[in-house]
Amino acid sequence: MANKIILKSESKSMLNFVEIVSNMKFCIMKENFKEAFEKFLRWRKDFYADNFSSRLFLLLSKADYKNTIKFLKGFPDETIVFLLWQQSHTEQEFLERWGVLQ
């Protein structure tokens, strides 16, 4: 079972996502999404950097469905960015679709 995140709605300052399988809903401030997106891009340049965010993304890359749900509860911003990247067909598609929110 794979995690699937979709954007349900967007306002001036908020993004509303839903995780399809569990039907969990997440409201994220655009500023927090931007920060998580930037952390993610730094991790993509150095997978084994020794900082909390890099280790979090590394753990997310190894997590199964149940543990990903736990990460969504504790670290929704970073986990949503990671899942959006994971479900993108290409890196370019991910950057084009979600980079505009930076």
Side-chain angles (χ1 to χ4, degrees):
M1 189 178 313
N3 300 88
K4 175 91 170 152
I5 295 284
I6 61 167
L7 179 63
K8 292 297 276 185
S9 64
E10 180 178 348
S11 70
K12 184 175 178 179
S13 62
M14 298 293 291
L15 299 168
N16 296 302
F17 291 94
V18 65
E19 199 278 335
I20 297 298
V21 178
S22 66
N23 202 32
M24 293 172 66
K25 293 172 178 55
F26 300 92
C27 296
I28 297 176
M29 293 183 63
K30 284 187 177 179
E31 190 62 36
N32 293 350
F33 182 89
K34 175 184 175 184
E35 185 178 325
F37 190 87
E38 290 169 355
K39 289 177 188 176
F40 178 81
L41 293 179
R42 283 194 297 275
W43 173 72
R44 292 288 295 147
K45 290 180 182 175
D46 184 6
F47 288 116
Y48 299 102
D50 191 21
N51 60 58
F52 183 83
S53 296
S54 293
R55 289 181 182 234
L56 175 62
F57 288 121
L58 186 60
L59 286 171
L60 280 164
S61 72
K62 299 172 187 247
D64 61 7
Y65 175 77
K66 288 182 181 181
N67 285 313
T68 302
I69 293 297
K70 291 176 185 176
F71 279 119
L72 274 168
K73 291 177 183 177
F75 304 97
D77 306 338
E78 291 85 355
T79 306
I80 286 173
V81 168
F82 181 84
L83 291 173
L84 291 171
W85 169 75
Q86 194 175 49
Q87 69 194 32
S88 295
H89 296 282
T90 65
E91 185 95 6
Q92 188 63 31
E93 176 189 324
F94 172 73
L95 294 173
E96 287 173 4
R97 171 66 177 105
W98 301 106
V100 296
L101 294 175
Q102 293 198 74

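All values reported here derive from a predicted model rather than from experimental measurement.
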OG of Ser53 to CZ of Arg42: how many Å apart, nearest 0.5 Å?
-> 7.0 Å

For Asn3 and Gln87 the tightest heavy-atom approach is O-OE1, 3.9 Å

How long is the gap from CD1 on Ile69 to CG on Asp64, to the nearest 0.5 Å?
-> 10.0 Å

Start with the C-alpha distance between Leu72 and Leu83, add both sets of side-chain angles, then the distance that settles side chain to side chain contact (heavy atoms under 4.5 Å, CB included), and finish with yes or no.
-> CA-CA 10 Å; Leu72 274 168; Leu83 291 173; 4.3 Å; yes

Stepwise side chain to side chain contact (heavy atoms under 4.5 Å, CB included) check, Asn16 with Leu7 = CA-CA 6 Å; Asn16 296 302; Leu7 179 63; 5.6 Å; no

Starting from the C-alpha separation in whole Å, work towards a yes-or-no answer on side-chain hydrogen bond (donor to acceptor under 3.5 Å, both in side chains) for Glu19 and Ser22.
-> CA-CA 6 Å; Glu19 199 278 335; Ser22 66; 2.6 Å; yes

Quick one: are Leu60 and Asn67 in side-chain contact, heavy atoms under 4.5 Å?
-> no

Which atom of Ala63 lies closest to which atom of Thr68, heavy atoms considered = CB-OG1, 3.6 Å

Do Phe17 and Ile6 pass the side chain to side chain contact (heavy atoms under 4.5 Å, CB included) test, and can you show the C-alpha distance, the side-chain angles, and the key distance before you say yes or no?
-> CA-CA 6 Å; Phe17 291 94; Ile6 61 167; over 6 Å; no

Which pair of non-hydrogen atoms, one from Met14 and one from Cys27, has the smallest distance, and what is that distance?
-> CE-CB, 3.5 Å

Ring pair (Phe, Tyr, Trp, His ring centres under 6.0 Å) between Phe52 and Phe75, worked out | CA-CA 12 Å; Phe52 183 83; Phe75 304 97; 5.6 Å; yes

Take Glu10 and Lys30 through the test side chain to side chain contact (heavy atoms under 4.5 Å, CB included) and record every step on the way to the result.
-> CA-CA 9 Å; Glu10 180 178 348; Lys30 284 187 177 179; 2.8 Å; yes

Smallest heavy-atom separation, Phe94 atom then Ser88 atom, equals CB-OG, 3.5 Å

Using a strict cut-off of less than 4.0 Å between a Lys/Arg side-chain nitrogen and an Asp/Glu carboxylate oxygen, indicate whether Glu93 and Arg97 qualify as a salt bridge.
-> no

Output the distance between atom CD (Glu78) and atom CD1 (Ile28), rounded to the nearest 0.5 Å.
-> 9.0 Å

For Phe82 and Ser61 the tightest heavy-atom approach is CZ-CA, 3.4 Å

SB check Lys39 Asp77 (cutoff 4.0 Å) | no

Does Leu84 belong to the same Ile/Leu/Val/Met/Phe/Trp/Tyr cluster as Ile20, with side-chain heavy atoms less than 4.5 Å apart forming each link?
-> no

Partner set under ring pair (Phe, Tyr, Trp, His ring centres under 6.0 Å) for Phe57, not counting sequence neighbours | Phe40, Trp43

More than 12 non-hydrogen atoms from neighbouring residues, nucleotides or ligands closer than 6.0 Å to CD on Glu31, yes or no?
-> no

Does the side chain of Phe71 reach to within under 4.5 Å of the side chain of Leu56, using non-hydrogen atoms?
-> yes

Carboxylate-amine/guanidinium contact Glu91 Arg44, below 4.0 Å | yes

Find out if a path of hydrophobic residues (ILVMFWY) with successive side-chain heavy-atom gaps under 4.5 Å connects Tyr65 to Ile80.
-> yes

State, with a plain yes or no, whether a side-chain heavy atom of Lys62 is found less than 4.5 Å away from one of Leu58.
-> yes

For the atom pair NZ (Lys34) and CD (Glu38), what is the distance rounded to the nearest 0.5 Å?
-> 5.5 Å

Mind checking the CG-CG spacing from Leu95 to Leu41? Nearest 0.5 Å is all I need.
-> 6.0 Å

Report yes or no: do Val81 and Val18 belong to one cluster of Ile/Leu/Val/Met/Phe/Trp/Tyr joined by side chain heavy-atom distances under 4.5 Å?
-> no

